[in-house]
Amino acid sequence: MTNTEPTALTAEQTDHADRRQRGTHLPGDGHMWLMVLGDLIIFGGYFIVYMVQRAMAPAAYLQAQQHLSITIGVLNTVVLVTSSWFVAQAVRAAADADYERAVRLIYGGGACGVLFIGVKAYEWTMKITQGYTNSNEFFMFYYMLTGVHMFHVALGVLILGIVVRELRNPRRRRPSMVEQGATYWHMVDLLWLVIFGLLYVMR
Amino acid sequence: MQILAEAEELPKTTNIRTQLVALWIAAVSALILLIAYLAFPGFWPPMSPRLTAEDVAGFYRNHTAWIRFSMVTFNLCGIMLLPLFCVVVVQMKRMATQSQVFAYCYLSAVVSGATLFALADIFFAVAAFRPGRDPDLVMLLNDLGWMVFIAPVGMIVAQNLMLALAVYHDNGPTPVFPRWVGHLSLLTMFAMLPSACAMVMTGGPLAWDGAISFWLRNGAFATFVIVMFFAVRGAVRRQAREEGIAR
Amino acid sequence: MSATVVAASGGEPVGTEPRAPASKRDLWIVFWIFPTFFGLFGVIFVLLARVIPPPRPDVTTDQKVQWFASHATTIQIGFAAVCVVFGGAAIANGYVAYQMKRMTSGPTFAYAYMGAMAVGTLPGLLLVALCFSAATFRPDREPRISAMLYDLGMLSFNGSLGCFATGYLAFAIAILYDKNQIFPKWLAYVSIWQIVTEVIATQMWVSSAGPYAWNGSIAFWLAVIVFGFWLNCQGIFLKFATDRQPAGSRPAD
Amino acid sequence: MTATAAQRPHESRAITYAWAVLCAITIGSWWLSPGHTTHTASPSVAITTAVVLLGFIKGRLVIRYFMAVNTAPRWLKLSTDAWLFALWAAVLAIYVH
């Protein structure tokens, strides 16, 4: 996959590779996983509440759902999944000590993240000008879930920036740091897939 | 206290000077506040919670000018007591044998407490702003003003508890404050504690116009501020002598 | 371990004059105020003041007056007690700020935390006490005024968001830059949840019923669960930080 | 070490396959969604069940391949799977109920 020959691996990197092969490697660190699992549970709570509220007025929700543009939803999902691909490949590149490629890939992932925010902002603007505000219960959930998610995306872009800064400094580059950032970024992707399914697709 | 000539320009001398300036700001403000206090007709005697809405509205209508004068003065000078408490924080941080934890908690409580004090006069002043206002609303503003002024003593309780504990734990050879400052602090705290009942009571000594909630509470606080002025000034002077910048 | 702590932050020599042997009693006294205050806070607000679980926002003026009337006694006892003990909030927050001051991340965010939380006490705690006490103080008060006090109290109590969001942000950033590990890194991440719940709670200002109202499943209950978890973690790690602080040390100026 | 180096192109390919499947499912759900203005959508248990299943699959692909949980300790595999299963099962249960 890579053009350049990997440079010498550090002890940490060979150790990671070894544990990965044995299937006992924790990507990133426990602090980040605690945050991710907790965040998943909290969002799970939001999703369940959404479903319960939806079950009380399914017709009204379905009717409101029809005002969302599925094309924009699909576009944004593909953008975010692609950004995750970039970041996941960056983790592999960093594990191979190919830091230049890792940085380029993370730039790609970050650019997709920014594009996602741009598309989302466009979608919000459209919906608000069309008169779908948070006075409708479905749209209240729409703005809340996508808004909180967008906050996570923005935070993720910041985290990717921190990862790039660390990768560019030879004394600070550590695979576990890249993995932490990547773990967070994929969580953002994962949550979006659920939001996409619940808000845009289900009937 | 005489600042030594050779220490005139040192930063630690400035530290002493600013503390003394802060003390005097507080002292002058306290004097002005006392005048405002004497000028507020609602304190002579303190207004009863049992007044009817008409009586309350009539009171604000009849004494508008004096109420405005005293409340604007409270508004302007009330928080100027804060520098005194900040000098107490500086002195608490000097205490040699402890971790300074009491000083931080004291500062935190002082800031919260000051925001409450800053709120009460606004309610009174707004009640006097439009003499023709609906009496029910004037009474509401009057209730809120009295309650904020008298009842939330929790921050002063926390403050004085921290000060007293700090004084008792300051057991080095040269304590910052004499031990009686701790006793006084606790005594003031207990004197002010019962006025929390003013949130509930409509009559008797614990109501906001009562002997305990009004006279004892405010008397204790005024005495505490006056005595603390001298106690803190003494501490600052000792600091100057210990640091070798004054005789 | 203690060597790194001393070297990095705590170990500024405390005076040169002879003094009593170092003790940590002052730290422990202040630490125990933290759980004591929040325990009292929980008991008072749940059992007496009736603010948690929150009364409904979607009721008529008469129902609000009725609600005040039927809970008047406990509300009055509860909020009179709040007036006595709410200084504990200042001490608890002050102690967190004190421990933050021992971090290697500089004093900025310790002061920011202290300031934000000290300001937050007024809108987030005292105003509801004031409004509900004023409403129960005169049962015969004009019903429209009592109903307004009901809204003012509940919205200030549940809807004062910025002070606390600022405090949590300061707390998180300070932890992330700290090398002394006064608090664990994940507690900083967890503080992000707190900010998110505060952001979501903004919706209680536009929503008078349903999941986003001030008693709603999302704006209130999920937020309270997250807050409870976070507060317990903060308390537990405050204890560990107190355990590890060397006797006789104080934060750098 | 040579053995692990040989693993890497394989891992990298797996990530790309996962990406391709995710994109395909996403684009496929375009036809399922109610968000077309040309017709009026009606509730459909079949479509919702499909959404739930596809959502589960997509989530698992992200967790296993992107988040590299495939090579992670067992507790992490179990807890992420438990979250995924509990979430989608609850969604379906509430919907059907």
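Reminder, nothing fancy here: chain letters follow the sequence lines and each chain counts from 1.
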Contacting region of D/Trp83 [heavy-atom separation from chain A under 4.5 Å]
side chain
Residue among A/Leu40, A/Thr77, A/Val78 with most heavy-atom pairs under 4.5 Å to chain D
A/Leu40
Part of A/Pro27 within contact of chain D (heavy atom distance under 4.5 Å)
side chain
Relative to chain D, which of A/Val81, A/Leu193, A/Val87 shows the most heavy atom pairs under 4.5 Å?
A/Val81
Taking everything shown except A/Tyr142 itself, do over 12 heavy atoms lie less than 6.0 Å from its OH?
yes
Classify the side-chain pair A/Glu137/A/Tyr61 by whether it contains a donor and acceptor separated by less than 3.5 Å.
yes
Proximal component of D/Ile25, with respect to chain A [non-hydrogen, under 4.5 Å]
neither
Looking at A/Gly197, A/Ala182, A/Ser84, which makes the most heavy-atom pairs under 4.5 Å with chain D?
A/Ser84
Atom group of D/Ile94 that falls short of 4.5 Å from chain A, counting heavy atoms
both
Mind checking whether D/Thr80 and A/Trp33 have side chains closer than 4.5 Å, heavy atoms only?
yes
Under a 4.5 Å heavy-atom cut-off, does chain D meet the side chain of A/Leu198, its backbone, both or neither?
side chain
Turns out that what part of D/Ile27 lies under 4.5 Å from chain A's heavy atoms comes down to both
One pair to check against side chain to side chain contact (heavy atoms under 4.5 Å, CB included): D/Ile47 and A/Met202. What are the steps and the verdict?
CA-CA 7 Å; D/Ile47 287 183; A/Met202 79 171 292; over 6 Å; no
A/Arg174/A/Asp29 ion pair, N-O < 4.0 Å
no
Using a cut-off of under 4.5 Å for heavy-atom pairs, which of D/Val62, D/Leu87, D/Ile15 has the most such pairs with chain A?
D/Ile15
Within the 4.5 Å heavy-atom criterion, are D/Val45 and D/Tyr95 side-chain neighbours or not?
yes
A/Trp192, A/Phe141, A/Phe43 screened by ring-ring contact (aromatic ring centres under 6.0 Å, His included) with A/His149, the one that passes:
A/Trp192
Between A/Arg104 and A/Gln89, do the side chains contain an N or O donor and an N or O acceptor separated by less than 3.5 Å?
no
Given that the side chain runs from C-beta out, which part of A/Leu37 has a heavy atom under 4.5 Å from chain D: side chain, backbone, both or neither?
side chain
